[in-house]
Every structure is written in structure tokens, then in C-alpha cells.
2 protein chains.
Amino acid sequence: MMHSKPSTPPRRSEATRKAILDAARERFATDGYDRATIRAIAKDASIDPSMVMRYYGNKEGLFAAAVAIDLRLPDPGSLTREDVGRALVTHFLSMWERNEVLTALLRVGVTNEAGAERMRGIFGDQLVPVARRMCPDPEQAPARAALVSAQLLGLALTRYVLRFPPAVDLAPEEVVAWLAPTVQRYLTAPYPA
Amino acid sequence: MMHSKPSTPPRRSEATRKAILDAARERFATDGYDRATIRAIAKDASIDPSMVMRYYGNKEGLFAAAVAIDLRLPDPGSLTREDVGRALVTHFLSMWERNEVLTALLRVGVTNEAGAERMRGIFGDQLVPVARRMCPDPEQAPARAALVSAQLLGLALTRYVLRFPPAVDLAPEEVVAWLAPTVQRYLTAPYPA
DNA sequence: TTTGGGTGTCAACAGGTGTTGGCCTACAGT
DNA sequence: ACTGTAGGCCAACACCTGTTGACACCCAAA
């Protein structure tokens, strides 16, 4: 019947763990850290709140597990200096459209210092190397990465969090067509002033 | 029936009202809607929590009073098509540097639907007219205003809320030099694709 | 069958929340 | 002097929060 796998006995609780994590991601994404109560998450996952504590320790642990994801930027080496803007915008857009983890991260980062720190870490660690490789003077990399972050996160903010209707209605190709030159310029143009 | 007295009878409570409002603005700006408790605001204002209720009804009323501000965009008629980008970015930046109300509004808008609605209203009502006046086809005004919002709010997000160090360290002139061409393009360039 | 641990529920605790009503005090109008 | 009223504090309400410990269930191993 149950073809036993010698090494890893499939714990029956894996399904529950996943249900909790899915519910948590959705709640954090739509409600933010404070309003996403453990009780609500547990109810969404159809289990008792105490199970959340058993599997993830406490609310912070649950959040950490729920947003444990890296945004898998393409290898900086595979980007050409000519179309890095388009490539970055396309990648970010598909990333945000696909899963709600990033929305959760943004929403929490705004009200929770730990979330803000995580956000700083992700964008600093992932975007700065790209900037360092693309821009004229490596010393300017952090500033240029910050400008790119501002443009990309601003789009995410208006489109996925604040939901400005015109921002929501933009087709992905339109977003790319508008933002790609901006990102391109922030990374590769000579430093102004 | 209050007769209009020559010297306006300065209610003694005006000072308290103002103290409450100031404390509320600061708390909302730094903590967001949920974490900014009435008790904490009252303590900051050195009065009893019940006074907040008496003067502002409830927490929502307090928030509404605390963020009752318009961002006084320059008259669209006074803007020229050539430097609207620079003018908008400069104005936006000085507005955010000066007072914390906008930070409070942004922070709350992310977790509170009423705050988000207010944000949509402000930027829709103020930025769309400018876009309508500047862009080639008035029908594109909302989309172009949304793009400008994304860029400007993204800057505010990274600089004043998430506090990315490189974004914080940018000098105001640098911000203007980088963002003005972007805003300019979003408003006046021909529609791509 | 008995054991025993993984899985799950239930009830409760201690603390914090927005909000309310009662009571006290200062002071201007009569 | 008395009185009305506005400004202010205190204690309490009802609810919700994260978190905990005790108890029941299932099901495989001994």
C-alpha cells in the first residue's frame, strides 16, 4: 500500500504545514503584519491556532517562513549593457504578477521594522551587484540601485498595494515599454550634476 | 448662540487639540495605523485617552483630521511643457521633506483601505489634471499620471519609509536631476508601443 | 494488546485595544 | 454667593491578541 521511502517518511503534517503557509502568505499580503492575526490564518487553513505555534514557534517565525523567498535575479553576467533595463523590468513584473509573497513583503516592510530590514537586504544584495556591473563607476552602484528600486517598488506600490486603477489597467507590455528606458538610464547614463 | 466677539474667544482647549493632532501625526507617520494606539498618542500629548475621543469621535476621525492636507500642486496653468518634470519633482520633494503628514498617509494607505482610498483620491485629483494638460492625448492622462505617481511614490517609499541608505543619502538636487527627466518623459513623450 | 509519539482540539491566561460614563475642578455669568 | 459648563482624569467595559498547557485521537511498532 504505502510504498515506504526508507529515507524520508512523508509526515502527514506536511499538508497542514503547507496550508498554514499558504494562508499566512495570503493574509500577510492582503492585511499586513498586524491585521493578519494567527486566528484568522488558522481559520483559513482550517486548523487550530495552536498548531501554528507548534510548527512555527511564534508569529515572527511564521512570517519569516512565509516570505522566505529570493527573487532570483538573472545572473548579472548574462545581461548585456544594452537591454538590462528591459530585462530587469520584465523579470520584476512577472515575479510580482506570479506570486503574492512580494506583495506581503512590501506591505509588512512598511509597518514592521524587521520586514523593512529584510526588504533592504533583498534589494541591496540583489540589485547592487547588477548596478555595479552595469554602471560607469562602481562607487555609484548603491545610488543607482536605489533609483531603480524606487522606480520598481513604486510601480508595485501603485499597482498591487494601493491599486490605482490606471496603474492596475496598464498591460504588462506597456509597463515594460515605459519603465525599461528609465531603469536603463538609471543604471547606465552618466551621473548628472 | 455664539455672537461673533471682536477678539475670537480662544478656547483653552485649542492647545490640547493641537497637541493631540501633532502627536497623532507623528505616531501615524512612524507606526502606521494599527500600531499607533490612542493611548500612546494621548501619552505623547500628555492628556487622557478619553480626550481624544471627545475631540475627534473615534480613531478614524482622528486619523482623518491628522492627515487633512492637500499637497497644493502648483497651478497647472503656470507650468510650461518644457520644465514640468523638474517643477513637479522639486515640489514633491520639498513637500515630503517638510512635513511628516505625507509619510503618515503613505504608511497608513498601505495597510488601511480608507487610507488607500484617500491616497487614490489625492493623486488622482491632483496629478491627473496636470497630466491632462501636458500630454498629447487627454485620454492618456490617467495612465501617465499613474506612471508619475509610481515614480514619485517609489522615491518616497524607499527614502522616507523603507529608508534604503543610498536613497536617504541622495541630495535633493541629485534626486531632481535623476527623476525630472523621467517624469518629463512620462508626461510628454509620445505613447510607446 | 500495549505502548508511544505525531497530530489535533479545547479552554484559558495575561495583556492590550477602542470606547464609554461618571466624577472632579476651575472659572465666567448671574 | 450660587450655578452652569467646559476641560480633564479615572475606572471600567467588552473585545481581541499572541501564546500556553492539558487533554483526546489516530495509527504504526513492539
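Just so we're on the same page: letters track the sequence lines, and every chain starts at 1.
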Ile47(B) CD1 to dA6(D) P: how many Å, rounded? 19 Å
Met51(A) atom CE is separated from dC23(D) atom C1', nearest whole Å, by 14 Å
In whole angstroms, how far is the C1' atom of dC24(C) from the CG atom of Asp48(B)? 13 Å
Could you state the CD1-C1' distance from Ile41(B) to dT17(C), rounded to the nearest angstrom? 13 Å
Counting just side-chain N and O atoms, does Thr16(B) come under 4.0 Å of either OP1 or OP2 of dG7(D)? no
Please list each protein N or O that sits under 3.5 Å from an N or O in nucleotides 16-18 of chain D, with the distance.
| unit_1 | atom_1 | unit_2 | atom_2 | d |
| --- | --- | --- | --- | --- |
| dG18(D) | OP1 | Ile38(A) | N | 3.4 |
| dG18(D) | OP1 | Lys59(A) | NZ | 3.0 |
| dG18(D) | OP2 | Ile38(A) | N | 3.2 |
| dG18(D) | N7 | Arg39(A) | NH1 | 2.6 |
| dG18(D) | O6 | Arg39(A) | NH2 | 2.9 |

Measure the spacing between CZ of Arg17(A) and CZ of Arg54(A) and express it to the nearest 0.5 Å. 10.5 Å
Does the side chain of Glu100(A) come under 3.5 Å of the side chain of Tyr160(A) through a donor N or O and an acceptor N or O? no
Is any side-chain N or O of Ser13(A) closer than 4.0 Å to OP1 or OP2 of dT7(C)? yes
Listed nucleotide nearest any side-chain atom of Arg54(A), set dT19(C), dT20(C), dT7(C): dT7(C)
Residues Arg120(A) and Glu113(A) bridged, charged N to O under 4.0 Å: yes
Taking the six-membered ring for Trp, are Phe164(B) and Phe123(A) parallel (under 30°), tilted (30 to 60°) or perpendicular (over 60°)? tilted
Test side chain to side chain contact (heavy atoms under 4.5 Å, CB included) on Leu153(B) and Met119(B); report intermediate values, then the result. CA-CA 11 Å; Leu153(B) 288 180; Met119(B) 204 111 211; 4.1 Å; yes
Does the pair Leu187(B) and Leu88(B) meet the rule for a side chain to side chain contact (heavy atoms under 4.5 Å, CB included), with working shown? CA-CA 11 Å; Leu187(B) 285 177; Leu88(B) 277 186; 3.8 Å; yes
